[in-house]
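One structure coming up, written as C-alpha cells, with questions to follow.
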Number of protein chains: 2
Amino acid sequence: MAPLSSGKTRPVRLADIAKAAGVSHGTASNVFARPEIVREEVRERVKAAAEAMGYGGPDPKGRLLRAGKVNAIGVATAEPLSYFFNDPFARVMMASISQACDATGAGISLVSAANNEQLAWNIQSALVDGFIVFCIEGGSRLVELARERKLPFVALDLDSDDDDAVAAIGVDNIAGAGLAARHLTELGHRRFAVLALPCADAGFGPTTQAQVEKALYSGTRDRLRGYFAELSRVDIDVSKVPIYETVNDEESVWAGLDHIFAGAETPTAILAMSDRIALHALDWLRQHDITVPGDVSIVGFDGVPEGAVSKPPLTTIVQPIAEMGRLAVKAILENDGTFSRQSLPVDLVVRASSGPSPA
Amino acid sequence: MAPLSSGKTRPVRLADIAKAAGVSHGTASNVFARPEIVREEVRERVKAAAEAMGYGGPDPKGRLLRAGKVNAIGVATAEPLSYFFNDPFARVMMASISQACDATGAGISLVSAANNEQLAWNIQSALVDGFIVFCIEGGSRLVELARERKLPFVALDLDSDDDDAVAAIGVDNIAGAGLAARHLTELGHRRFAVLALPCADAGFGPTTQAQVEKALYSGTRDRLRGYFAELSRVDIDVSKVPIYETVNDEESVWAGLDHIFAGAETPTAILAMSDRIALHALDWLRQHDITVPGDVSIVGFDGVPEGAVSKPPLTTIVQPIAEMGRLAVKAILENDGTFSRQSLPVDLVVRASSGPSPA
DNA sequence: TGCTGGTTTTGAATCGATCCAATCATGTGG
DNA sequence: CCACATGATTGGATCGATTCAAAACCAGCA
C-alpha cells in the first residue's frame, strides 16, 4: 500500500529492464538495436530481464522521435475510409501503391474523414513521411491541409490546376478523351451524348458546354474539351450534343440516360467520363433492351478491371494506374524537392462495347 | 559561412517560433492546443511568427510520445499489402473495419510483408494502439509477433485454436458447414465433392478426411467436420466423398475440378469452403458445359458481394463480416482486458447455384 | 500600501527511445 | 612493464512536443 509501489502498472520501459539487468540504458538499447556489439553474456542477461518483466521490445513511439522518419506514407481522401476498399478506381490505385510500398518496406496509413473538423485533425496528426492525396471531389481543401503540414506530398489526378506549385500526377485527359471520340467517329457515329463526371460539388442534371468550361474540376473540363475538339474536327455540331452531369453513381447515371433517351433524336454513341458511369449505363441499356454495340456504342474512361469482364466488355481509355501509384510512392519516398507535376499518357483499349454506327 | 548559420535548413520547431515570438514554449504550445486560454494579442503574435517561419503546426511525432496514444489501429497480414485491396473477403472486412474506425475517428495502418524478417520488423515498429490480425495462412507466426508487442490485439478467423489465450473473432464453422450440407441433402443430393481451403502451407491436390483432421488451419478442419457430420446424418458414406485441397485460386480450383470430374461417378453437389473457390468453380463448370444448378449444385462460404452478381448467383453461407469488423475495432479501442474469443453465427443464403438433384 | 482573487505566463519535468563522445577493460607487441 | 590498439560500456544530450505547479501580473478594494 505504499503510495508509489501500488496502483496501476505502468508499461515497462527500456530503462526499467536496464536497471534490472544492471546495465546502462545505452547498453540495453544496443541489445535490441545492434545485438552484435554487446558481449554475449550481457546480452543474455538483458534479454532475460526483458522477458521476465514482460517488456514488449523498444517502443516505436520513442524511437520515432529520435529517428525522425516514420517509414510510412499517408493516403488521404475526403471520402470515408471505406472508399479505398469499395471504389474500383481507388482499389486498383491502392493496390499499385501498396505494391510500391511493399517493395520499399514502407507502410501505409489511411487518412480520411467525412466531416471537416475531423478531417483537418486527421491530416494534422497523421504519423507519416508524406501524403498521397486522392483528389476526387473537394480536393482543394485536402491539398491545402496536406500542404500545411510541410511534408512531401503528391496529388493524384491533376484536379485543381489553378495552382502550379502542387506536385501532382495525372493523365492527359484531353488526349484521352480525344482518343475515345475519334474511335467512335471512325466507326461512323454522328449522334453523340456525354455522361459527365461532376463539375462541382453541386449535384447532377443536364448541363452545357459553357457550364463545364467553368467547372471546378479540371478533369471533367478537360475530358469534355477532348471529346468536343475531336467531334468538331469531323464537323459534328457539338452545341447539339447533350451533356449530363452525374455524380458517378447508379442513380444519377440512370437519370441521365432517362433524360438523354427521352429526346427525339437518340444518340448512337455515348461518351462516359468514367468506367463506373459506363458500367452503370450498360445496366440501364440492357434493361431498356437497347443492344450494345448494336444500337448504341459506349466508351468509358479509367480502365478498371471490372470493365474487362462486363457484358459486353467495355471499350475504354485506360490510365496507367499502376505506373501512377509507383510514381507517387517514389515521389514521396525519394523526395528531393524537384518533383512537380507529371502527366502520363493513356491508351485506347477496344473491347466489345463499341461498334459501327447502326445507320 | 559561419559554421552554424550555414548548412541545410533544419525544420522549424515549436521552440523556434516561441523564441521568435518572445514567449515560452509552454505558451506557444497552448496557442495551438488550447488557443482560448492565451491572450489574443499574444496568440496573434505567435501565429504570425509561425506563419513567417513556415512552421507546419505541432509535429505529431513529438506529441505522440507525450500523449501515449497513436489513435490508429494496425491491420496485419502475412500476405502482401495489396491483398487488402484485391481479395474479396479482405475487402469487405476492411470496409467494415474502416467504417468502425471512421465512426470513432481512429486511423488505419496497413502492416504486412511477404518475407519474414521484414514482417517481424514491420510489426515491431508499427505505430498503432493495437492490432487486428488477418489469420489466413501462416497466421500463427503473425499472432506470435503481434502478441510480443504487448498491445491489444484480436485475431480474425479463429485459426489457431491450440491457444486459448489469444483474443479472436470468428464464426461457427462447423454449424455453417452443416447448414450448407443440409441444404443440399434436403434438395435430394447424394453424390458430393468438397473443394477445400488449404490445410497447411503445403500446396494443393487431392486429400483425405484423415489428412484434413490433422490440418494446421482449424477453419478448414471445422468446415469439413461440419459437412461430414451432416452427410453422415443422412447415411452418406463420407469416406467416398472426394476432397480436393485448393489454395483458393483459379489454378488449384480448376485442377481440383479436373480431378473430381475425371472419376466415373461424378458429383451432383459441390461443397466449396470459400466463395472465391465457388466462383472459380462456376467458371470451370460453365466452360465445361455443365449447367448450374441443372447438372450440379454448388454452395460457397463467406458471403462476399461478388457471389450475389455471379452467373448464377451463388448460394452460400454468409458470415457477418460487418459485425466482425465492428467488434474487432471495438475490442481494440475499448480494450479492457476482458475480451477473449467470440464466435458469431452464420446464415444460409439460398440463391440460384443450388437446386434439386438431377437424378 | 497591502491584500485578495483571477487570469496569464513560465519553465522544469516528462514521454521512450537512440546516438555518440568519453571512459573503462582487455590483450598484444616492444 | 609500458604504450597502444581494440572492444565493450556508460551516461549525458537529443528528438519535439505537452503538462502542470508555481510565479507573475493585474485590477479592485480596504
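To find a chain, count down the sequence lines: A is the first, B the second, and so on, and within it residues start at 1.
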* To do: Take atom CD1 of A:I17 and atom C1' of C:dA17, then tell me their distance rounded to the nearest Å.
  => 12 Å
* Gap between atoms CD and P, on A:E40 and D:dG7 respectively (whole Å) -> 17 Å
* Any sub-3.5 Å donor-acceptor pair from A:T77's side-chain atoms to A:S112's backbone N or O? -> no
Identify each atom pair where a protein N or O and an N or O of nucleotides 4-8 of chain C are less than 3.5 Å apart, giving names and distance.
none

* Using a strict 4.0 Å threshold on nitrogen-to-oxygen distance, state whether B:E41 and B:R45 make a salt bridge. => yes
* Polar side-chain atom of B:R149 near backbone of B:I123 as donor-acceptor pair, under 3.5 Å -> yes
* To do: Count the heavy atoms of every other residue, nucleotide or ligand shown that sit under 6.0 Å from CD of B:E36, and state whether that count exceeds 12.
  => yes
* Mind calculating the distance between NZ (A:K19) and P (D:dT10) to the nearest angstrom? => 15 Å
* To do: Using a cut-off of strictly less than 4.0 Å, decide whether A:T27 has a side-chain nitrogen or oxygen near OP1 or OP2 of D:dT10.
  => yes
* Asked: Nearest to the side chain of A:N30 - C:dT18, C:dT10, D:dT10?
  -> D:dT10
* To do: Ignoring the backbone of B:R13, work out which of C:dA17, D:dT9, D:dA17 is nearest its side chain.
  => D:dA17
* Hey, does A:R43 reach any base, or is it just sugar-phosphate, or nothing, if we go heavy atoms under 4.0 Å? -> nothing
* To do: For residues B:I73 and B:I132, report the shortest heavy-atom separation together with the two atoms involved.
  => CD1-CD1, 3.5 Å
* Asked: Can A:D16 and A:K19 be counted as an ion pair, charged N to O under 4.0 angstrom?
  -> no
* To do: Using whole Å, report how far CG of B:L14 lies from P of D:dT19.
  => 12 Å
* Asked: When you measure from every atom of DNA chain C, which of residues 48-72 of chain B have a heavy atom less than 4.0 Å away?
  -> B:L65, B:R66
* **Test log, rule side-chain contact (heavy atoms from CB on, under 4.5 Å), inputs A:I17 and A:F32** => CA-CA 12 Å; A:I17 71 156; A:F32 293 96; 3.8 Å; yes
* Asked: Is any side-chain N of the basic residue among A:E44 and A:K47 closer than 4.0 Å to the acidic one's carboxylate O?
  -> no
* **DNA chain D: 5'-proximal contact among A:E41 and A:H25 (nearest heavy atom)** => A:E41
* Going through the distances and angles, do B:S98 and A:S82 end up as a side-chain hydrogen bond (donor to acceptor under 3.5 Å, both in side chains)? -> CA-CA 5 Å; B:S98 49; A:S82 52; 4.8 Å; no
* To do: Give a yes/no answer on whether the side chain of A:S24 brings an N or O atom under 4.0 Å of OP1 or OP2 in D:dT10.
  => yes
* Whole-Å distance separating the CG atom of B:L127 from the P atom of D:dC15 -> 19 Å
